[in-house]
Amino acid sequence: MIGAKPTVSTTTATATTTRGRSAARTPHVRPTAWEPRPARGPAPATIPTEPTSQKETAVAIEVRNLSKRYGTFQAVKDVSFEVPAGQLVALLGPSGSGKSTILRMIAGLETADTGSVVLTGEDATKIPVQERGVGFVFQHYALFRHMTVRDNIAFGLKVRKVPKADVKARVDELLELVQLTGYSRRLPSQLSGGQRQRVALARALAPRPKVLLLDEPFGALDAKVRDELRAWLRKLHDEVHVTSLFVTHDQREAFEVSDQLVVLNEGRVQQVGTPQELYERPNSPFVAQFLGQVNILPLRTIAPHAAAPSTSPGDPLLQAGADAAADAQIYVRPHDLEIHRERNGRPAWRAVVNRVTHLGGAARLDLTVDDAMAIQLELPSERLAMLNLRAGDAVYVVPRVANIFDPKSRTFLPVGGGTDAAL
Ligand SMILES: Nc1ncnc2c1ncn2[C@@H]1O[C@H](COP(=O)(O)OP(=O)(O)OP(=O)(O)O)[C@@H](O)[C@H]1O
């Protein structure tokens with residue numbers, strides 16, 4: 001595993017795919033190391049990509065040192081990142097972290113105090129919103145209520161005085177793309193929420209924007225429709241490849257939909273990378289905790305047990321622990337914990353099962369370590385059946401993969417996960 005660095009602007013990343021989507025789209029890919037450019041200000045956090053052609057290597061959105069203040073409140077603080085052409089990237093962060101403000105500055109709907117926005121190589125900072133070539137989809141449908149679906153989609157083309165026949169052809173194409181061909185004469189009030197958002201997306205795509213910006217596009221929909229639209233958006237993106245920046249505060253949504261994530265907190269970029277990279281190698285406690293459930297335990301709690309008989313002296317957890325500060329902590333995901341009825345000679349936490357929750361094919365165990373610390377562990381149902389575990393049982397718990405956080409240097413040291421470093 002590669003050590004996560006404390007700030008994104010120093011991240012040197014090699015390309016990876018999370019779900020093979022990019023690889024499927026671009027079959028002859030070779031990972032490319034990112035090199036910092038000669039700077040105009042600090043180097044931006046770069047999202048690794050997998051170029052196959054000139055178009056694929058291009059950066060579609062370049063945000064450089066953007067800052068924005070509302071009165072005395074600094075909403076966006078020196079934010080820099082790049083979005084490679086053709087990718088779908090999520091701006092992910094808690095409420096109030098500055099996501100919408102950044103998106104609106106990229107669109108030109110908000111003026112930045114400092115910094116610049118470059119769209120497909122052109123400095124767009126001073127270009128008015130309607131000339132930026134940006135498509136925008138908001139959380140609330142923002143369709144024209146008195147216009148039919150067809151007229152809503154055609155709106156941007158008519159404003160640009162596109163010939164009638166071309167407008168018709170483009171709208172027909174988009175209606176098919178968003179699977180609403182039979183709905184063209186309806187008014188927005190005669191559509192479901194999900195259908196309205198698909199119309200909004202078609203309307204944004206109609207003038208063939210350079211980039212598509214989506215601000216919590218599914219935020220107002222119920223969970224089931226949201227799930228369907230996520231899958232649909234991803235599929236659509238794989239068909240049209242328009243570079244898209246997608247705001248969400250929902251970690252699951254960002255993981256399901258995007259090629260890369262830009263994680264924000266309190267107006268600053270925290271980390272940039274593929275969902276898998278950030279999940280496995282967070283560069284800060286914030287990112288580790290924001291991207292899913294994680295158990296945090298003092299490293300020292302594992303040490304007394306490590307001295308038990310037949311502990312393997314070369315154990316990577318012990319070696320890592322020996323180098324870390326006394327107050328170092330282990331960050332371990334619930335599914336990265338192994339559970340045993342007997343100590344097997346490796347360092348382990350002694351724990352008691354408090355509760356077993358069945359989750360279909362998997363189960364979650366609530367445990368107490370050393371009579372004091374509550375943790376959660378996930379395991380396949382077959383393993384649970386094999387161990388025949390019940391509340392009250394004494395067990396041993398071992399991290400398979402973990403990150404050790406050293407509070408002094410504020411860095412993470414990954415342990416385990418490799419073939420020669422398994423715990
Ligand atoms: N027009 C404004 N005037 C004053 N403060 C604002 C304005 N717009 C945004 N803010 C503040 O700036 C901060 C960032 O807001 P922003 O909407 O960008 O966050 P966000 O991450 O998109 O949040 P959410 O997920 O809740 O939409 C918030 O604290 C917000 O209250």
Side-chain angles (χ1 to χ4, degrees), residues 7-8 44-45 47 61-83 88-117 119 124-125 128-129 132 134-142 193 196-197 200-201 204 211-223 225-227 229-230 233 244-258 260-273 275 278 282-292:
T7 61
V8 287
I47 297 170
I61 304 172
E62 193 177 343
V63 167
R64 286 193 161 267
N65 312 109
L66 278 190
S67 295
K68 177 75 185 175
R69 187 180 275 278
Y70 294 110
T72 56
F73 179 71
Q74 181 99 35
V76 175
K77 301 165 187 164
D78 196 26
V79 162
S80 300
F81 62 89
E82 294 181 352
V83 180
L88 200 168
V89 170
L91 269 181
L92 174 68
S95 184
S97 56
K99 308 179 294 290
S100 298
T101 305
I102 293 169
L103 208 70
R104 293 170 65 80
M105 288 193 283
I106 295 171
L109 295 165
E110 198 79 71
T111 315
D113 295 339
T114 60
S116 58
V117 173
L119 298 175
T125 318
V129 56
R132 287 198 183 190
V134 163
F136 208 103
V137 180
F138 298 91
Q139 176 173 355
H140 296 287
Y141 322 115
R196 279 181 226 170
Q197 278 310 64
L201 196 63
V211 300
L212 184 64
L213 305 176
L214 304 113
D215 193 352
E216 301 256 9
F218 312 139
L221 305 171
D222 72 46
V225 178
R226 227 180 137 113
D227 274 358
L229 279 186
R230 272 180 206 151
L233 177 69
S244 306
L245 189 59
F246 175 97
V247 159
T248 182
H249 62 268
D250 181 338
Q251 171 258 338
R252 202 181 128 210
E253 183 158 287
F255 272 47
E256 275 186 37
V257 169
S258 47
Q260 310 280 340
L261 309 178
V262 176
V263 179
L264 291 161
N265 190 32
E266 296 179 352
R268 284 191 200 283
V269 175
Q270 304 295 310
Q271 196 172 4
V272 179
L278 270 51
N283 68 357
S284 66
F286 170 80
V287 174
Q289 290 171 81
F290 191 65
L291 298 184

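Numbering of ligands and ligand atoms starts at 1, following listing order.
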Within this structure, what is the [atom1]-[atom2] distance for the pair [X] and [Y], rounded to the nearest 0.5 Å?
| X | Y | atom1 | atom2 | answer |
| --- | --- | --- | --- | --- |
| Arg64 | Glu82 | CZ | CD | 6.5 Å |
| Leu245 | Gln260 | CG | CD | 12.0 Å |
| Phe255 | Arg230 | CZ | CZ | 12.5 Å |

Distance from [atom] to nearest protein heavy atom, with residue and atom:
| atom | answer |
| --- | --- |
| atom 30 (C) of ligand 1 | Phe73 CE2, 4.7 Å |
| atom 26 (O) of ligand 1 | Ser95 OG, 2.6 Å |
| atom 23 (O) of ligand 1 | Gly96 N, 2.8 Å |
| atom 21 (O) of ligand 1 | Lys99 NZ, 2.9 Å |
| atom 15 (O) of ligand 1 | Thr101 OG1, 3.7 Å |
| atom 27 (O) of ligand 1 | Ser100 OG, 3.9 Å |
| atom 3 (N) of ligand 1 | Tyr70 CD2, 3.5 Å |

Quick check against the 3.5 Å criterion: does [X] have a side-chain atom that pairs as donor or acceptor with the backbone of [Y]?
| X | Y | answer |
| --- | --- | --- |
| Gln197 | Phe218 | no |
| Ser258 | Leu88 | no |
| Ser284 | Val287 | yes |

Q. Under the 4.0 Å line, does any protein heavy atom show up next to atom 13 (C) of ligand 1?
A.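 Yes, at least one protein heavy atom sits under 4.0 Å from atom 13 (C) of ligand 1.
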Q.
Within the protein, is there a heavy atom lying under 4.0 Å from atom 18 (O) of ligand 1?
A.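 So far as the 4.0 Å threshold goes, atom 18 (O) of ligand 1 is in reach of a protein heavy atom.
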**Q.** Per-atom contacts, ligand 1 versus Pro94 - under 4.0 Å to a heavy atom
**A.**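 Answer for ligand 1: 21 (O).
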Q: Could you list the atoms of ligand 1 found under 4.0 angstrom from a heavy atom of Ala75?
A: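 So the atoms of ligand 1 that pass are 12 (O), 13 (C).
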If you look only at distance, which donor and acceptor atoms sit under 3.5 Å apart when one is on a side chain in residues 92-108 and the other is two or more places apart or in another chain?
{"from": "Ser97", "atom 1": "OG", "to": "Pro94", "atom 2": "O", "distance (Å)": "2.7"}
{"from": "Lys99", "atom 1": "NZ", "to": "Gly93", "atom 2": "O", "distance (Å)": "2.9"}
{"from": "Lys99", "atom 1": "NZ", "to": "Pro94", "atom 2": "O", "distance (Å)": "3.0"}
{"from": "Ser100", "atom 1": "OG", "to": "Asp215", "atom 2": "OD1", "distance (Å)": "3.2"}
{"from": "Ser100", "atom 1": "OG", "to": "Asp215", "atom 2": "OD2", "distance (Å)": "3.0"}

Q: Assess Ser97 for proximity to ligand 1: is some non-hydrogen atom of it under 4.0 Å away?
A: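 Yes, Ser97 has a heavy atom closer than 4.0 Å to ligand 1.
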Q: Kindly indicate whether the side chain of Leu109, heavy atoms from C-beta on, has any atom under 4.5 Å from the side chain of Phe136.
A: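 Leu109 reaches Phe136 side chain to side chain.
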